[in-house]
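Throughout, protein chains are lettered first and strands after them, A, B, ... in sequence-line order, and every chain is numbered starting at 1.
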Number of protein chains: 2
Amino acid sequence: MKERMEAVSLEVDGQKLRGMIHFPSGEGPFPAVALFHGFTGQRMEPHFIFVKLARLLAKNKIIAVRFDFRGSGESEGEFQDMTIPGEVEDGIRIVDFLKEHLLVDKDRLGIVGLSLGGCIARLVATKQDNIKCLVFWSAVASPEELIKQKLTEEYQVTKEGYIDFGGNKVGKDFLATLPRVEGPESLSAYRGKALIIHGTKDDTVPLEHAYQLKKILPFSQLKKIEGADHTYNRVDWEEEVLRKTVNFLKDNL
Amino acid sequence: MKERMEAVSLEVDGQKLRGMIHFPSGEGPFPAVALFHGFTGQRMEPHFIFVKLARLLAKNKIIAVRFDFRGSGESEGEFQDMTIPGEVEDGIRIVDFLKEHLLVDKDRLGIVGLSLGGCIARLVATKQDNIKCLVFWSAVASPEELIKQKLTEEYQVTKEGYIDFGGNKVGKDFLATLPRVEGPESLSAYRGKALIIHGTKDDTVPLEHAYQLKKILPFSQLKKIEGADHTYNRVDWEEEVLRKTVNFLKDNL
């Protein structure tokens with residue numbers, strides 16, 4: 001059977017988000033999941049783990065969409081203008097797109113977020129009342145402290161007003177808007193299901209962030225991947241993350 | 001002015017290559033450049049440098065296409081089946097697509113290849129007689145020795161027949177086909193122009209590979225980026241690489 005993967009675009013504030021939608025075979029309606037990438041990442045993510053997840057979901061009768069946030073990947077906008085509130089706007093637009101899609105069962109929606117994409121997922125879930133499943137991969141629970149520590153201790157703001165983060169221009173607004181990002185406690189009103197996956201050797205976002213999320217969502221499942229790094233860069237770690245995620249969504253969405 | 005970037009797909013051996021084409025404004029025909037990504041990479045590459053290059057080329061009246069090779073990114077196929085001869089087939093298909101495109105001036109074609117994509121670029125250029133410009137970014141000149149050294153010294157082939165390379169399954173065929181990859185000397189018949197760019201601190205593909213290419217193409221330009229790593233992960237390195245590449249292609253294509 002040939003896969004059904006189609007390029008799709010949406011507009012937010014006059015700028016185009018570019019992404020892909022993966023359809024299962026059959027007529028639907030299907031449950032649907034949006035995948036939110038991380039900081040400086042894009043909709044494929046390392047070792048194409050987002051493409052692999054979307055393909056697996058489609059095989060399991062779940063629609064998957066993967067978009068680049070504005071300023072990242074192939075979407076319009078400059079990375080230098082990227083902010084967390086901006087990515088939340090993008091995320092809401094993506095969820096709205098799923099709700100309006102004829103093949104989607106709008107009562108069965110989920111979000112998988114990797115790293116900062118996990119933070120965006122929780123912020124979107126507090127603003128959209130019908131997210132039924134959240135899956136956090138190596139998610140940032142509290143961004144402000146972590147980001148300030150990573151960006152301001154080792155990097156300097158240039159006279160042009162950005163931090164040179166490995167060739168990515170991190171703009172002033174990204175840092176300036178951090179204090180107004182809601183903390184993880186806002187998620188306590190969330191009434192859906194949640195799965196929290198985190199590597200025990202994550203150097204980028206410490207395991208502590210997973211415990212923070214678990215504390216706010218006591219009914220959630222926490223799955224630690226023994227020895228795994230931030231993006232599960234080993235075949236067995238990847239397989240475990242994909243298997244747990246697909247099974248959780250099949251059972252709960 | 002809105003950019004004109006469109007999703008495009010091609011077939012090779014019944015499998016779909018997925019990519020993007022960037023059009024300049026105006027009616028054409030335009031010269032055109034194909035961007036070939038590296039090993040385990042995809043058509044955006046780190047800090048989206050391939051997206052940035054394609055946008056700049058389109059602004060400069062040059063069509064740009066970026067595809068994922070089979071088994072990589074969003075293209076069909078398994079990474080475990082990826083081989084250099086397979087990527088060369090893909091590359092030839094991509095160049096043929098440009099030659100057949102109504103908006104492309106087929107006498108003004110170029111290829112930019114990053115890392116292993118540079119090796120694919122030279123192999124395609126020896127099989128297609130009308131490539132007018134080649135640009136090598138941190139290119140692998142002689143793959144066999146380098147890859148064997150990187151893959152077989154630090155990694156083991158699993159009983160399932162692959163090497164776990166950071167979550168990417170490198171297949172037996174990738175290694176088995178290395179001895180039949182033509183060496184860089186085959187490029188001595190190339191009659192087009194060439195620009196070789198390489199970072200002086202490239203730990204992944206040593207600068208020596210740039211010198212090998214320069215020796216075979218004595219008429220080419222060699223531009224060293226002082227202190228730069230393999231994928232130019234600093235804003236000033238990236239800007240220099242993009243500027244040199246666009247200027248070279250504007251002047252020579």
Heavy-atom check, side chain of [X] versus side chain of [Y], under 4.5 Å:
| X | Y | result |
| --- | --- | --- |
| A:F23 | A:I63 | yes |
| B:I147 | B:I84 | yes |
| A:H101 | A:V65 | no |
| B:D229 | B:K201 | no |

Legend entry - Largest heavy-atom contact set with chain A, pairs under 4.5 Å, which of B:G73, B:A54, B:A7: B:G73

Inset, instruction - Find the one option among B:D164, B:V51, B:T231 whose heavy-atom pairs under 4.5 Å with chain A are most numerous. - result: B:D164

Inset, instruction - Mind listing the closest non-hydrogen atom pair of B:P143 and B:C119 along with its distance? - result: CG-SG, 3.8 Å

Inset, instruction - Name the region of B:M5, side chain, backbone, both or neither, that has any atom closer than 4.5 Å to a heavy atom of chain A. - result: both

Which of [options] touches chain B most, by non-hydrogen pairs under 4.5 Å:
| options | answer |
| --- | --- |
| A:N168, A:T40, A:I49 | A:N168 |
| A:R66, A:R43, A:E45 | A:R43 |
| A:R18, A:R55, A:M20, A:K16 | A:R18 |
| A:K169, A:K52, A:E6, A:E76 | A:E76 |

Legend entry - Check: A:F174 ring centroid to A:F165 ring centroid under 6.0 Å: no

Check whether [X] gets within reach of chain B through its side chain, its backbone, both or neither, counting any heavy atom under 4.5 Å.
| X | answer |
| --- | --- |
| A:Y162 | side chain |
| A:D68 | side chain |
| A:F79 | side chain |
| A:S72 | both |

Legend entry - CG on B:L116 to OG1 on B:T204, rounded to 0.5 Å: 12.5 Å

Legend entry - Approximate separation, where rounding is to 0.5 Å, of A:D81 CG and A:R70 CZ: 9.5 Å

Legend entry - Mutual orientation of the aromatic rings belonging to B:W137 and B:Y232 [parallel < 30°, tilted 30-60°, perpendicular > 60°]: perpendicular

Inset, instruction - Give the ring-plane orientation class for B:F67 versus B:F97, where under 30° counts as parallel, over 60° as perpendicular and anything between as tilted. - result: perpendicular

Legend entry - Close contacts, residues 234-247 of chain B versus chain A, judged by heavy atoms under 4.5 Å: B:R234, B:V235, B:D236, B:E238, B:E239

Legend entry - Polar side chain donor-acceptor pair, B:S25 to B:K61, under 3.5 angstrom: yes

